[in-house]
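Comments concern the structure below.
Not measured: the values here are computed from a predicted model. Convention: sequence-line order gives letters A, B, ...; per-chain numbering from 1.
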2 protein chains.
Amino acid sequence: MARHAGVSPVTVSRAIRHPEMVSEELRKRIDDAVLKLNYIPNHLASALASTRTHIVGVIVPSLTNGVFDDYLGAIQDVLNPAGIQVLVLNVRYSESEEEKAIETLMGYHPEAMIVAGVDQTERSRQLLRNSGIPVVQTMDITESPIDLNIGLNHDEAGAAAVRFLHAQGHRRIAHLTARADPRARRRHAGYQRQMDAFGLSTKGLVGASPRPSDVAMGGELFAQILADVPEVSAVFTCNDDLALGTLFECQRRGIRVPEDVAIIGFNDLDFCTAAVPPLTSVSTERREMGTWAARSILELIRGGGKRPRQPTVDVGFSIKARGSTAAIETRSRAKRPRAKA
Amino acid sequence: MARHAGVSPVTVSRAIRHPEMVSEELRKRIDDAVLKLNYIPNHLASALASTRTHIVGVIVPSLTNGVFDDYLGAIQDVLNPAGIQVLVLNVRYSESEEEKAIETLMGYHPEAMIVAGVDQTERSRQLLRNSGIPVVQTMDITESPIDLNIGLNHDEAGAAAVRFLHAQGHRRIAHLTARADPRARRRHAGYQRQMDAFGLSTKGLVGASPRPSDVAMGGELFAQILADVPEVSAVFTCNDDLALGTLFECQRRGIRVPEDVAIIGFNDLDFCTAAVPPLTSVSTERREMGTWAARSILELIRGGGKRPRQPTVDVGFSIKARGSTAAIETRSRAKRPRAKA
DNA sequence: GGGACAAATGAAAGCGCTGTCAATCGACAT
DNA sequence: ATGTCGATTGACAGCGCTTTCATTTGTCCC
């Protein structure tokens, strides 16, 4: 490449990385050669020599559900224009895969890491801390972040969902949960805590599955609840897929939503507004978390080490009340039509 | 690291890459030091020196929809155990982003590339070809693959959906399509071709939007069709999200599915079986395409260059007939109940 | 016992690039 | 004319690892 343009390798490097340092004539000659030869600098060599990899590692627990889509998009939208490449590894909700992924990523010497959740294994935390690079934990909040932390209180969100339903008059409130990742477990704990605080029993009202959640599972879990506690009047699901499945199960059985059973999901994915009735859901600030994480990293990388004033941010959540929940009408409760199954 | 274990750097390298070449004693000492120091080899240096990066680049047009999930999962399941790291770049259905992504990935010197679709720009194709590494194009099929190709005929799939509905007695068959990526366009073309072949007009029966599809859009597009052609009796959508949105729109208006309107989606995502009624959909072999692509690459990398006998594979598709479609009953057609909107 | 050989380790070189510093050149001021 | 300065360019070294080849040591055999 350098030979083809009749200049030294250093000049090629400069023409590409710092064009203003090279005379117009040479820059032109080099640009031509680049195009002609389809030259693409070897990122490995460049990173090795400069000790700047322009890589940020991101670990997500899943790609299946729409949740991590906005989040990843937001991260890319901030980092890519800054010339930073995002390496995404999907660890499928597995702690051991996460450890491996962190090790792998560290081998690429990223300039920062963004991980989902705050429940890394001890070894994972150690690797992250030892790396000396900025680490952002997202999606959840903790008292003892590795470094930076933005998220929301899932326990509180679970409790809030229960309070929301309780305020509408519901007492038999079920909870459906699948593949209990730590955040879903916290939402479950919040549900349980609030039910306890209200003096309400949850016996037979919790449906859980170890399998990854999907829409069909929502129906299955709700069917189990119905078998145990036919009087169930509201369902809080740990995500929107299960909520949709529950809605379908109700349709299948001729159970009216929200008159007979109220449904509230979690995440507020796009299909919530489109459903019939539209699904009430606990909405989370996924884009904001991604954006904040990426921006903080950019500041740290550029600013050279001064931490933002606030290492932990609670973005909160909000309940989007829609047609799948409504204040209970006591009279209509008795004569609920129950289809055969 | 080498110093800490009291050996030379070469020996450390060997203890990690080719443990059998190092005596048990030294191996032990090095392993200890690795653990103690949390040593992780610098992948950049390793790749640069060995000219083996153990990277395979994968380009996907989207992560939003569930489609690329199984596909990516399948690729990882084959490649990761073989010690190969998969770098995934999401190009959001943009040709220019795809070009950039290919350039970026080439800078990492992957040992192979897997790209979705067969419609790369000329520059993209050139980059891929010049790279000299195996390239697999997936999801679609072409007469002139860059290298290897596995996919299905989308034009044929679109036509098959129309034939399926036609055989059930439908004549006014609508098509909904969003963000027309090349494959969706081919499905649309197949729809049009088959409608023409049947001598059926598609006037007012095609709903298209340039925005990325989501469930809500399915409802909106279908509403437009209804306004134009109230007699529409069946809808073929370019993906399952739009199908679900159409189903919801029908529910909202009191239109019975499949009695008044039949719906057939595309991809056969998991929620199709859970919906009420379950959605008929054209099912595609996403896992198989990923697996085949990954396996072929593994053979080429290991086997050292001999191409598999068959460079192009058509995995076909199949129509999963479910409750959202049914043979038309002519008598019920007339008195369809039409809600206000 | 000496030579042939295998096993284990290290020394040297280099992967393709970039940071640093030195060299060159013309412009400009004195 | 001489020295000074800024703008360009190149030489050199080295990033952390691996490949290749040489060296050392121990083993075996006639």
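Of the side-chain N and O atoms in Ser23(B), none sit less than 4.0 angstrom from OP1 or OP2 of dA7(C). Distances shown here put a side-chain N or O of Thr11(B) below 4.0 Å from the OP1 or OP2 atom of dG10(C).
Following rounding to the nearest Å, Lys28(A) (NZ) and dT8(D) (P) show an atom-to-atom distance of 18 Å. Computed from coordinates, the Met21(A) CE to dG19(C) C1' distance equals 10 Å when rounded to whole Å. Between Leu26(A) atom CG and dT8(D) atom P there is a gap of 10 Å when expressed in whole angstrom units. At whole-Å resolution of the value, CD in Glu20(B) and P in dA6(C) are 17 Å apart. The distance from atom CD of Glu25(B) to atom C1' of dT25(D) is 14 Å, rounded to the nearest whole Å.
Between the side chains of Glu99(A) and Thr121(A), a donor-acceptor pair is found at a separation under 3.5 Å.
With contacts defined as side-chain heavy-atom distances shorter than 4.5 Å, the pair Val115(B)/Gln137(B) qualifies.
When the options Val91(A), Ile59(A), Leu89(A) are evaluated for a side-chain contact (heavy atoms from CB on, under 4.5 Å) with Ile102(A), the one that passes is Ile59(A).
For Asp119(B), the side chain to side chain contact (heavy atoms under 4.5 Å, CB included) partners are Asp140(B), Pro182(B), Arg186(B), not counting sequence neighbours.
Panel note: side chain Arg286(A), backbone Tyr71(A); no donor-acceptor pair is recorded below 3.5 Å.
Shown here is Arg29(B), whose CZ atom has more than 12 heavy atoms of other residues, nucleotides or ligands within 6.0 Å.
Of the candidates dT9(D), dT9(C), dG10(C), dG10(C) carries the atom nearest the Val7(B) side chain, counting heavy atoms from C-beta on.
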Could I get a table of every N or O pair under 3.5 Å where one atom is in the protein and the other is in nucleotides 12-21 of chain D?
from: dC15(D); atom 1: O2; to: Ala49(A); atom 2: N; distance (Å): 3.3
from: dG16(D); atom 1: N2; to: Ala45(B); atom 2: O; distance (Å): 3.4
from: dC17(D); atom 1: OP1; to: Tyr39(B); atom 2: OH; distance (Å): 2.6
from: dC17(D); atom 1: OP1; to: Asn42(B); atom 2: N; distance (Å): 3.2
from: dT18(D); atom 1: OP1; to: Arg17(B); atom 2: NE; distance (Å): 2.5
from: dT18(D); atom 1: OP1; to: Arg17(B); atom 2: NH2; distance (Å): 3.4
from: dT18(D); atom 1: OP2; to: Ser13(B); atom 2: OG; distance (Å): 2.1
from: dT18(D); atom 1: O5'; to: Ser13(B); atom 2: OG; distance (Å): 3.3

